[in-house]
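Proteins come first, then strands; the chains are lettered A, B, ... in the order of their sequence lines, and each starts at number 1.
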2 protein chains.
Amino acid sequence: MTASINDVARAAGVSASTVSRALRGRTGVSDEVRDRIAAVAAQLGYTASRSASSLASGRTFTIGVVVPYVGRWFFGTVLDAAEQVFSAAGYDVLLYNLGTPETRKRFFTKLPVRKRVDAVLSLLIPDEGESAALRSLGVPLASTVGGARPGFTVVGIDDRLGAESAVRHLVNIGHRRIGMISGSSGPLHWTTPVERRRAYLDVLAEAGIEHDPTLEADGDYTLEGGERAMTELLAASRPPTAVFAQSDEMAMGALRALRRHRLKVPDDVSVVGFDDHELADVIGLTTVAQPVAGQGAEAARLLLRQLDEPAAEHPGHVRMPIRMVLRETTAPPRPRGPQ
Amino acid sequence: MTASINDVARAAGVSASTVSRALRGRTGVSDEVRDRIAAVAAQLGYTASRSASSLASGRTFTIGVVVPYVGRWFFGTVLDAAEQVFSAAGYDVLLYNLGTPETRKRFFTKLPVRKRVDAVLSLLIPDEGESAALRSLGVPLASTVGGARPGFTVVGIDDRLGAESAVRHLVNIGHRRIGMISGSSGPLHWTTPVERRRAYLDVLAEAGIEHDPTLEADGDYTLEGGERAMTELLAASRPPTAVFAQSDEMAMGALRALRRHRLKVPDDVSVVGFDDHELADVIGLTTVAQPVAGQGAEAARLLLRQLDEPAAEHPGHVRMPIRMVLRETTAPPRPRGPQ
DNA sequence: CTGTTAGCGCATTCAG
DNA sequence: CTGAATGCGCTAACAG
């Protein structure tokens, strides 16, 4: 089949170990021999078998990346940035897309990454058991979601602060009936929606607004879910004049629902999202911007650093900055609300 | 470290080969022994090392997927669908994100997938040299983009037909000054924009409309590119009353540019896209819908089939259906055009 | 049905 | 600076 290290050794008139040393840039090979080997290898189209070198060295030069759903803009963007960092450092990426409960369960019970990767980057929040499973791999772990977790380097944002800015903005421009579309359908350990909800409740309380449970709906972090949730909210006896959606995709779903109900944004209802999706600007969506690609790149970098300097001290939790972006989907409520 | 096959063998009181056979469901192991081995393996948390088994068997149970840009909706969606098919069949996915010319070049010269994968799915169109490089791997190849290529199983759509529908729609509702935002900045072998442009020219000719080169601009298949391109078109001495964008993302960029110029869509300018992006509906974009996830899943399935039955006959080119989706960004031109 | 014997292709000792 | 030996963990023949 394809050339092996012995083929190269024979053609270059040296031993296999010399080829191995030469090609990996190890010291102890004369320049002349190194050049000759490089030339022969190139000519034969030789590439070391990753399986064989992993087996021999114990290193795989592969990073496992676990994603809840690659197709979603947020995760695709994080993955994109992380992959660039990894590949620039010579690592390959093994992708695990865990969209359904079954695939997720299978992944964590079978752990196909065992003995296959040097580190794992998780774009989903593992529960206790899943965390333990990952820790049992004995490799560096990082994550770009959720709060601090033992054994993980977590790169994230201050969800509480972000959500507070969003809701406070609505309060500041005069809204009192403020709804929320949350993304809480996941397991309990998924802290993001919990944090954002707490911020919502806090800001309402702080503004002296009584909390109305009929103003909350679950949007499942999807466009369709956001649309359904908004429809629910509109069906309330006293619908909201403003809505905080915990993600831009849900906010866009809400906008669609509003359009279907022939309600004007922001005249009838204001909408604020979270993320600063690449299309938020096209739509004119007011939102809380977070560095999505930045978090992926940073997490990847921290992971590589752990691989390079296993002994050094490594941060457990890094927080990246967020900022409020005002666009055209929010405005003061009408003198008298709809209805 | 972690348990090896010998640990399991010893604990179960059998030989390593029996463990190997038992765990892989091969025949020739008594049920009693099989159960015992399974129990011991589970208890020890044993998973076979992929490196070792690949080295011994020659199979990797890994598929290499080459993507130009994971963060883009189109590719993320294709990848998502393909990954699901692969993982359901027990294959892992090695992801190569080739966003820049450098990473792309490095990938095709070093071919890190050599000896690492059982098959390759390409979501980008390789040029002649790149195709040859992939073919040299000696594994089944598939692609979801571009036209038929030797050595590849290509799953795609009829780009010509799709583009014709889009432009014809604009002609049918009365437009005569029809611009196009293309995605042609890539290398020449990228046939998609070429096909779509030919369709554009054909439909214009068929309608007796003279082609005006100032009505064409390159949008680079990105949102920003689409915006720039639209801005260019608006600067023409006689700007278009309708625009065909070769992708929804460019169309969205065009919409943004139009908004910035305070032009109404579709009153002042009609816009039609291509893809049926998940947000096209939110925005009300008229577009040519293609089965994006469907193409990824189908390509993955065909690849697996080639792996299962290497000897059988395999299709070289599969075309999936497309359809025109009319929404709110297209309408007949004003009685007298803008200006 | 099960154990024994050989490698798979490479990295890593250890000599020289 | 270089080569020879050894083993990484597993699978695939071959015996029994």
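- In this structure, A:Arg59 places its CZ atom 13 Å from P of C:dA11, rounding to the nearest Å.
- Rounded to an integer number of Å, the gap from B:Arg114 CZ to C:dG9 P is 14 Å.
- The phosphate of C:dT2 has neither OP1 nor OP2 within less than 4.0 Å of any side-chain N or O from B:Ser15.
- Judged by the 6.0 Å distance and 45° axis criteria, A:Arg59 is positioned over the aromatic ring of A:Phe61.
- From one end of the helix from C:dC1-D:dG16 to C:dG16-D:dC1 to the other, with five pairs defining each end axis, the axis direction shifts by 30° (rounded to 10°).
- Between B:Lys105 and B:Glu102, none of the side-chain N atoms (NZ, or NE/NH1/NH2) sits under 4.0 Å from a carboxylate O, so this pair counts as no salt bridge.
- For CZ of B:Arg36, the number of neighbouring non-hydrogen atoms (other residues, nucleotides, ligands) closer than 6.0 Å is greater than 12.
- Distance, A:Arg36 CZ to D:dC1 C1': 13 Å, rounded to whole Å.
- Side-chain contact annotation: B:Ser15 with B:Thr18, donor-acceptor N/O pair under 3.5 Å present.
- Electrostatic pairing of B:Asp92 and A:Arg116 counts as a salt bridge here, judged by a charged N lying under 4.0 Å from a carboxylate O.
- Rounded to a whole Å, the CG atom of A:Leu23 is 14 Å from the P atom of D:dT2.
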Report, one pair per line, the protein and nucleotides 8-12 of chain D atoms (nitrogen or oxygen only) whose separation is under 3.5 Å.
from	atom 1	to	atom 2	distance (Å)
D:dC8	O2	A:Leu55	O	3.4
D:dC8	O2	A:Ala56	N	3.3
D:dG9	N2	B:Ala52	O	3.3
D:dC10	OP1	B:Tyr46	OH	2.6
D:dC10	OP1	B:Ser49	N	3.3
D:dC10	OP2	B:Ile5	N	2.3
D:dT11	OP2	B:Ser20	OG	2.5
D:dA12	OP2	B:Arg24	NH1	3.3
D:dA12	OP2	B:Arg24	NH2	3.3

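- Cation-pi contact between A:Arg149 and A:Phe152: present, with separation from the ring centre below 6.0 Å and deviation from the ring axis of at most 45°.
- Other residues, nucleotides and ligands contribute more than 12 heavy atoms inside 6.0 Å of the CZ atom of B:Arg106.
- Shown here are the side-chain contact (heavy atoms from CB on, under 4.5 Å) partners of A:Ala148, two or more places apart in sequence or in another chain: A:His317.
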